[in-house]
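Remarks on the structure that follows.
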Amino acid sequence: MDAAIYPAPLAECDHEILDDLRTAGRADKCGGCGKPFTAARKLKSVARVRHVGMRGVMHDWTCPLCRKCTHENLDASGGVHQRLQRQAFAELLLVAAAPGGNA
């Protein structure tokens with residue numbers, strides 16, 4: 001998995017990232033700490049985790065980050081980086097599951 005941080009405000013060319021956030025319903029809280037965005041806690045960056053599967057299928061997972069989680073993720077020494085990768089992989093497994101299900 002490859003992770004990238006895009007600083008806010010996002011450029012015009014990154015409109016697909018904003019569309020991903022709106023479609024997934026993740027634009028209202030931080031993907032690292034889970035706290036809602038307020039006047040004091042603002043969107044600082046957007047993290048995108050890209051995974052290329054064994055068959056060459058590429059999946060992107062996108063989430064917004066607050067200032068604290070952005071700095072922890074850029075350091076890569078905090079727990080946010082690994083947590084984002086685990087969340088992305090868990091959602092990837094849900095997407096890759098059979099649509100009919102077996103539950």
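On a predicted model such as this, the values are computed, not experimentally measured, just so you know.
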Study note, to complete from the structure: In this structure, SG of Cys30 is separated from NZ of Lys68 (nearest 0.5 Å) by 8.5 Å
Point to revise | Approximate separation, where rounding is to 0.5 Å, of Cys69 SG and Lys35 NZ | key: 8.0 Å
Point to revise | Over 12 non-hydrogen atoms of neighbours within 6.0 angstrom of CZ in Arg41 | key: yes
Practice item. Only counting residues at least two apart or in another chain, list the ones meeting side-chain contact (heavy atoms from CB on, under 4.5 Å) with Lys42. Key: none
Revision key, fill the gap. Closest heavy-atom pair, Ala47 versus Leu65, reported as atoms and distance to 0.1 Å, is CB-CD1, 3.7 Å
